[in-house]
Amino acid sequence: MRTVVRAALGEALSALRSEGVALPENPEIGLERPRLAEHGDLATNVAMTLSKAAAMKPRDLAEKIVAALNRRAAEGDSPIAAAELAGPGFINLKLRVGAFHAVIDEVLTKGAAFGQHPPRDTDARVLVEFVSANPTGPLHLGHARGTVVGDALVRVLRAAGHAVSTEYYINDRGAQVLKLGLSVRARATGGAVPDGGYGGAYVTEVAEWMKQHHPERLASDDDLALARVAGERIMEGVRETLGKLGVSFDRFVSERALTEEEGKLELAMARLEAAGLIESRDGALFFKSKGKGDDKDRVLKKSAEHGGDWTYFATDIAYHVDKHTRGFTHLIDVWGADHHGYVPRVRGALESLGYPKGAFEVLLLQLVKLIKDGQEVKFSKRAGNFVTIEDVLEEIDEATGVPGAGRDALRLLMLIRSHDSSLELDIDVAKKQSNDNPVFYAQMTHARMCSIARRVEESAEMAEARARGVLSVPARFDAALAARLTLPEELDILALCDSFPGLVVEAAASRAPHRVAFFVLELAQAFASYFTRMQKVHNEPILPQKSYRDAHPDWVATWDWEKTRARLLWLSAVRQVYANALALLGISAPERMHRDAPDEAPEAAPELAPEAPQG
RNA sequence: GCGCCCGUAGCUCAAUUGGAUAGAGCAUCAGACUACGGAUCUGGAGGUUAGAGGUUCGAGUCCUCUCGGGCGCGCCA
């Protein structure tokens, strides 16, 4: 639809150019769907964006474009039926139905690639770093948002044609991992847990595992070596959890290997030193970040009395410098909003080293509140009473009886909010097998779409129609068949589908995967509404219902099968777009829902009407 | 105290990045419906976009201030 309309607009513009209007060769043509029906099917603001180049007032230019479009429309071979000047220079377009039907053609031709854009014509390489949780404990709910949003962002960026790699940075050196090692040792040997050490059941598990598989580590007094093995054990669990969430990384980067074995830390520090950005003070080394977006200088290397070690900040600079060194031109980090204070110093360091402004970008995610039984669940990591992602996944899988339900639920619920809005995750809603649960609603919609086609191809009552060759799902686009699609609901949904590829680009540009989630729910709702209205308002179900078949003994002969096939054609396109959108979120699109879930909860047992009439 | 984010319908949140009359889902009210996949569909009511000023053809969106909430302000990571 947009494709053919853009072509028509481009043609009108070049016609004007040949008449002497100063217009650029291949201008961007912005098209949007007006909110109000009387503003047409599509609207463009080209007259406003090109008015400067043409040295004309927006409305005057718009008038010329409108005239050109209407001239063409009168000749009868344009997708545009009528154009109208509106407001400050908008051009409202009324389209022929064929323009809507073209969406079906495009979707079925592109299939799973509808919404995917070709690689961008640039050398830009993007690296998205996300999760990067310390290997000091299992992933908990606080990590879930960054994990899911980061992963969905990557999918969206790739769909928009960006070259993207992903990395998980493992902070496997430094004080925190050492504390983990000491906590494990304490648990294994019955000693006291160190100050600020880790509690929680998982520490006990690691301690038990250590006794079994690495008793020599416990016997040795090399705390660093012990901590390292414990950290690796934790990371195994983290990777498993990521797998269950459907998240994979191109690379896991070890802070220890990067800095200690590969020497990247010295390299980065030498560059800072050479640039005169390091200052020695109070026995420590400082990065002169003050005035570079930060409000004070920051320690790179601690003084002897604080252990003399490099700080996390120093190694993080090394990591980010290394990202650039490896050829990535644009770095995106996904962090929790509680780290926002850390952004200026990293940015300051990278810009001081000459990397372009804007090459380092941080997506900050607001916090997640877990709601259970209508109450907020508070948790603290140190005390160990946090909710792990594993627990949540398991709880939802069990409650629904559907393996993978937890992953889909967690993913959609994390993606249904903008990144800078805090998020309430109601675990009780996530477990529901009803339409109050957006996850269930979203997936059921896809299952319903599939069930129609299944009915056509498999059901016993349609056997005779199949046998007579009047009923089948069209294999490819057929303009004559599509011409039977004239209901406003059908055309509206095609218009919505048509907006999907553009939406992907916008979602990528604004780092907003949640917009894809909203698209899914909007399409689901539009479909549900259409589906019901077909029966209740238009009295035109896609397939002949029992009532029709009973009333018409010769229903196979009297039914309008071509209209049915037109709708099946329509449906296969809509389903494709819907499935593509779900795939972009990493959420499965089931062909059928499990039916064995309990229909009614025990507490929903019918009660006697309080005022039942007596006799 | 300073910095960052947020404040939109009773609740949870959107808003095509500065565009036309601010929209959905729950909740509520009124109808229709007994099902081509499950309480579904249609419509109503609900708003000075926290408040005040400013920028311009045009502001929920940008700037300043006030109020309220969250987070951060370590030689932790």
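All values below were derived from every heavy atom in this structure, side-chain atoms included, with hydrogens, water molecules and symmetry-related copies excluded. Proteins come first, then strands; the chains are lettered A, B, ... in the order of their sequence lines, and each starts at number 1.
- Atom CD in A/E489 sits about 12 Å away from atom C1' in B/U42, given to the nearest Å.
- On the P atoms, B/A59 is 24 Å away from B/U66, given to the nearest whole Å.
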Could you go over nucleotides 18-20 of chain B and give all protein N or O partners under 3.5 Å, atom names and distances?
from, atom 1, to, atom 2, distance (Å)
B/A20, OP2, A/R35, NH1, 3.3
B/A20, OP2, A/R35, NH2, 3.1
B/A20, N6, A/N92, OD1, 3.1
B/A20, N1, A/N92, OD1, 3.3
B/A20, N1, A/N92, ND2, 3.4

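- Side-chain N or O atoms of A/D282 include none that pairs as donor or acceptor with a backbone N or O of A/S303 at under 3.5 Å.
- Taking only side-chain nitrogens and oxygens, A/K296 never comes nearer than 4.0 Å to OP1 or OP2 of B/C75.
- Straight-line distance between the C1' atoms of B/G43 and B/C33: roughly 15 Å, to the nearest whole Å.
- Nucleotides B/A50 and B/U61 have their C1' atoms positioned 16 Å apart, rounded to a whole Å.
- The side chain of A/S451 lies closest to B/G37 when the candidates are B/A15, B/C71, B/G37.
- Every residue two or more places apart in sequence or in another chain was checked for a side-chain hydrogen bond (donor to acceptor under 3.5 Å, both in side chains) with A/S459, and none qualifies.
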Can you name the atoms? Protein N/O to nucleotides 3-7 of chain B N/O, anything below 3.5 Å, with the distance.
from, atom 1, to, atom 2, distance (Å)
B/G3, N2, A/H340, NE2, 2.4
B/C5, O2', A/Q366, NE2, 3.2
B/C6, OP1, A/D420, OD2, 3.3

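- Although no hydrogens or angles enter the test, the distance criterion places a donor-acceptor pair under 3.5 Å between the side chain of A/D408 and the main chain of A/S588.
- A/H117 meets the ring pair (Phe, Tyr, Trp, His ring centres under 6.0 Å) test with no other residue; sequence neighbours excluded.
- The ring pair (Phe, Tyr, Trp, His ring centres under 6.0 Å) check on A/H446 picks up nothing, with sequence neighbours excluded.
- Of the charged side-chain nitrogens involved, at least one lies within less than 4.0 Å of a carboxylate oxygen, so that A/R567 and A/E540 count as a salt-bridged pair.
- Using a 4.0 Å heavy-atom distance criterion, A/R59 is classed as making no nucleic acid contact.
- Only the P atoms considered, B/A15 is 14 Å distant from B/A20, to the nearest whole Å.
- Atom OH in A/Y441 sits about 8 Å away from atom P in B/C26, given to the nearest Å.
- Between A/E540 atom CD and B/A35 atom P the separation is 20 Å, expressed in whole Å.
- Helical stems of RNA chain B (runs of at least 3 Watson-Crick or G-U pairs, donor-acceptor distances under 3.5 Å) are listed by first residue: B:1-7 with B:67-73, B:10-13 with B:23-26, B:28-32 with B:40-44, B:50-54 with B:62-66.
- Every residue meeting the ring pair (Phe, Tyr, Trp, His ring centres under 6.0 Å) condition with A/F527, not counting sequence neighbours, appears here in chain and number order: A/F531.
- Of the two residues near RNA chain B, A/G174 and A/P541, the one whose nearest nucleotide lies more 5' is A/P541.
- A donor-acceptor pair is defined here as one N or O able to donate and one able to accept, closer than 3.5 Å; such a pair exists between the side chain of A/D560 and the backbone of A/K563.
- Spacing between B/U48 and B/A22 at atom C1', rounded to whole Å, works out to 13 Å.
- A/L367 comes within 4.0 angstrom of the backbone, heavy atoms only, and of no base.
- Comparing atom distances between the A/S529 side chain and each of B/U42, B/A77, B/G74 picks out B/U42 as nearest.
- Side-chain proximity of A/R515 to B/G72, B/U16, B/G38: nearest is B/U16.
- Comparing B/G60 with B/U55, their P atoms sit 16 Å apart, to the nearest whole Å.
- Side chain of A/E255, nearest nucleotide from B/A77, B/C71, B/G38: B/A77.
- The side chain of A/K302 places an N or O atom within less than 4.0 Å of a non-bridging phosphate oxygen (OP1 or OP2) of B/C76.
- Within the 4.0 angstrom heavy-atom criterion, base atoms lie near A/A284.
- Going from atom CZ of A/R59 over to atom CE of A/M48 covers 10.5 Å, rounded to the nearest 0.5 Å.
- Here the P atom of nucleotide B/A14 and the CG atom of A/L503 are 15 Å apart, to the nearest Å.
- Looking at which nucleotide of RNA chain B each of A/R298 and A/I416 is closest to, the 5′-most match is held by A/I416.
- A/R592 comes within 4.0 angstrom of a nucleotide base, judged by non-hydrogen atoms across all strands.
- Partners of A/W335 according to the ring pair (Phe, Tyr, Trp, His ring centres under 6.0 Å) rule, which considers only residues two or more places apart in sequence or in another chain, are A/Y342.
- Applying the side-chain contact (heavy atoms from CB on, under 4.5 Å) criterion to A/T311, with sequence neighbours excluded, gives A/V299, A/K302, A/F313, A/A314.
- Residues passing the side-chain contact (heavy atoms from CB on, under 4.5 Å) test with A/D41, sequence neighbours excluded: A/K94, A/L95, A/F100.
- In this structure, A/S434 reaches neither bases nor backbone, as no heavy-atom distance under 4.0 Å exists between it and the strands shown.
- Remark: the separation of the C1' atoms in B/U8 and B/G3 is 25 Å, to the nearest Å.
- Listed by chain and number, the residues in a side-chain hydrogen bond (donor to acceptor under 3.5 Å, both in side chains) with A/Q545 amount to none (sequence neighbours excluded).
- In terms of the side-chain contact (heavy atoms from CB on, under 4.5 Å) criterion, residue partners of A/A517 (sequence neighbours excluded) are, by chain and number, A/L412, A/L415, A/L585.
- A/Q525 places its CD atom 10 Å from the C1' atom of B/C41, with the value rounded to the nearest Å.
- Anti is the glycosidic conformation of B/U64, whose angle departs from 0 by more than 90°.
- Nucleic acid contact for A/F531: base, since at least one base atom lies under 4.0 Å from a heavy atom of the residue.
- Rounded to whole angstrom, the span from the CG atom of A/L543 across to the P atom of B/A35 amounts to 16 Å.
- Regarding A/F527, its CZ atom lies at a distance of 20 Å from the C1' atom of B/A24, rounded to whole Å.
- A/R455 and A/E461 are joined by a salt bridge, as a carboxylate oxygen and a charged side-chain nitrogen come within less than 4.0 angstrom of each other.
- Put simply, A/S418 has a side-chain N or O that comes within less than 4.0 Å of OP1 or OP2 on B/A14.
- The A/S510 side chain lies nearest to B/U17 when the options are B/C73, B/U17, B/C76.
- A/I371 places its CD1 atom 19 Å from the P atom of B/C26, with the value rounded to the nearest Å.
- Comparing B/C75, B/U40, B/A14 against the side chain of A/D282 picks out B/C75 as the nearest.
- Distance check on atom P: B/C62 versus B/U16 gives 11 Å, rounded to whole Å.
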